[in-house]
Amino acid sequence: MNNLINILKNNNLLTKEQNELNKLKNNKKLYIIENDVKLYKNSLYKKDNILFFLAKIKYDKSLYLFSKSKIKSDFKEKINEIDSLFFQKVSLSPENAVILKKLFPFTSPISLRDKKTTIGCGDRLGKATPGHIRAAKNYDIYPVLAQQSIRELNFTKRSYSNVTGDVVFLVFQEGFEKGYGADGDHLKTIADIDVALKAGMPMITLDLSEVMNAKAADWEESQILKEFDKIDKNTKDRILTSYAGKTFTIGKNDIKISEYEAKKCAVIYNAALDFAKVVDNHLRKNRGDKYDLEISIDETTTPTLPEHHLYIIKELNYRNVTVNSLAPRFIGEFQKGIDYIGNKNEFEKQYIIHCNIAKANGNYKVSIHSGSDKFTVFPIIGKHTNLRLHLKTAGTSWLESVRCISMCAPNFYRKMHKKAFEYFKEASKFYHITADLSKIKDINKINDKDLPKFLEQNESRQLLHITYGGLLNDPELRTDFFNILSDNEDLYYELIFKHFTKHIEKLGIKKTK
Ligand SMILES: [Zn+2]
């Protein structure tokens with residue numbers, strides 16, 4: 001603590017007003033580092049004569065409040081006094097994040113419905129946010145910094161209040177005032193949505209895969225007709241007059257929906273679309289107009305046909321559902337953490353149709369799930385959406401943390417790498433990947449300096465990508481893993497920054513300054 005107080009005194013931080021503190025920010029040196037203390041300069045804020053900032057002493061990162069007069073604060077931690085200097089060391093807990101959000105509203109996630117381009121930066125560790133911010137802040141794009149699915153919460157043993165809380169403090173660390181989103185990803189029930197809403201998440205990705213009757217896609221015609229007949233008469237009549245045998249001109253394409261296809265769509269989707277309306281009402285009741293609803297139909301076994309996309313959005317519009325973004329499943333493979341697999345030209349042809357459907361039916365954002373690392377199709381994705389899009393990434397930030405480990409702690413990386421093979425079988429029950437692990441070279445024959453190459457090869461990337469749950473919960477790995485990342489925080493932020501800058505540039509997004 002004495003070292004920290006010396007930094008404050010040596011730099012006259014306690015006497016500086018906000019405008020003088022701001023002059024210390026945004027230059028090349030982001031930190032004041034002395035002895036074992038690292039003070040994050042962009043987090044220097046003065047409010048009611050209290051100096052706020054984040055600092056790390058060894059592995060202990062905390063929020064600090066310092067003042068020459070007595071401190072009144074809602075944080076529960078003890079207020080200390082040394083030489084008529086008052087201070088409070090505040091832990092980075094979810095409860096304290098709620099208090100910080102009230103003090104500094106820019107640390108709260110907001111609705112990004114009126115923002116044209118957004119990028120989901122799922123971060124399973126709660127550590128990567130500064131890298132994401134440093135990439136996004138220079139471009140015409142808004143980051144969704146907190147984003148996790150229930151599956152990821154289970155694997156990482158985190159809660160939505162952990163996920164949002166971690167981001168709140170890291171947004172404060174960076175002094176990032178531009179605004180950011182938070183996404184309760186792939187939620188399927190009102191109960192789960194309520195947990196995300198309670199944690200202050202304005203974006204909800206509603207996964208319709210379980211409420212829709214997906215198996216009807218493979219039914220015999222007679223079964224479809226029988227099921228369609230069970231629908232109430234008014235709805236049946238409306239579906240038939242609206243779609244059966246109709247041709248819709250969308251951009252340069254004609255999309256024809258036959259009578260049978262209209263009936264089939266009703267059988268597959270109507271219950272799910274009714275549920276989307278229930279969810280939309282629920283969000284409006286809880287958040288007024290400040291929410292972003294994403295409709296996700298990407299977790300299906302077959303690509304979304306343009307006819308089905310059109311039917312879904314028209315029916316959502318009929319129900320007055322406020323669609324901020326919609327995630328179809330595209331042709332080809334969008335596997336986790338690796339580039340697009342499939343025919344690029346065929347992808348482009350179909351992608352144009354999906355984009356034109358979106359433009360003609362409310363101009364919602366087209367959302368790309370498993371969007372990380374799809375470098376060969378990013379230019380196509382950027383171009384045909386006119387950048388009205390949401391790109392969702394998750395595990396790729398975790399892979400950058402593993403890259404960081406491979407560069408600065410080779411022996412520890414070797415341990416992780418070997419354990420990943422042990423966890424692979426279990427993990428592959430939850431993630432669809434096609435990696436042939438026999439193509440991964442024997443790590444015992446690889447030099448330390450070549451270890452980061454495992455993060456370049458698809459097979460080893462996928463192995464490391466999906467086994468995060470096992471690796472993070474392994475008692476032999478967990479503590480050391482986080483300590484190594486903490487020791488090498490700047491390299492980690494730099495790797496995330498570079499990786500996300502590459503995503504943003506390939507999409508064709510312009511710099512703002
Ligand atoms: Zn998805």
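Both ligands and their constituent atoms are indexed starting at 1 by order of listing. What you see below is based on every heavy atom in this structure, not just the backbone, and it leaves out hydrogens, waters and symmetry mates.
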Does atom NZ of Lys127 have more than 12 heavy-atom neighbours from other groups under 6.0 Å away? no
Qualifying residue, where the test is side chain to side chain contact (heavy atoms under 4.5 Å, CB included) with Cys121 and the options are His132, Lys392, Gln147, His503: His132
In chain order, what residues pass the ring pair (Phe, Tyr, Trp, His ring centres under 6.0 Å) check against Phe172, with sequence neighbours excluded? Tyr45, Phe104
Verify the neighbour count for atom CG of Asn286: are there more than 12 heavy atoms of other residues, nucleotides or ligands below 6.0 Å? yes
Ignoring waters, how many N, O or S atoms from the protein are under 2.8 Å from the Zn ion (ligand 1)? 3
Under the ring pair (Phe, Tyr, Trp, His ring centres under 6.0 Å) test, residues paired with His390 that sit two or more places apart: none
Salt bridge (charged side-chain N to carboxylate O under 4.0 Å, His left out) pairs touching residues 141-168, sequence neighbours excluded, are Arg124-Glu152, Arg158-Asp166
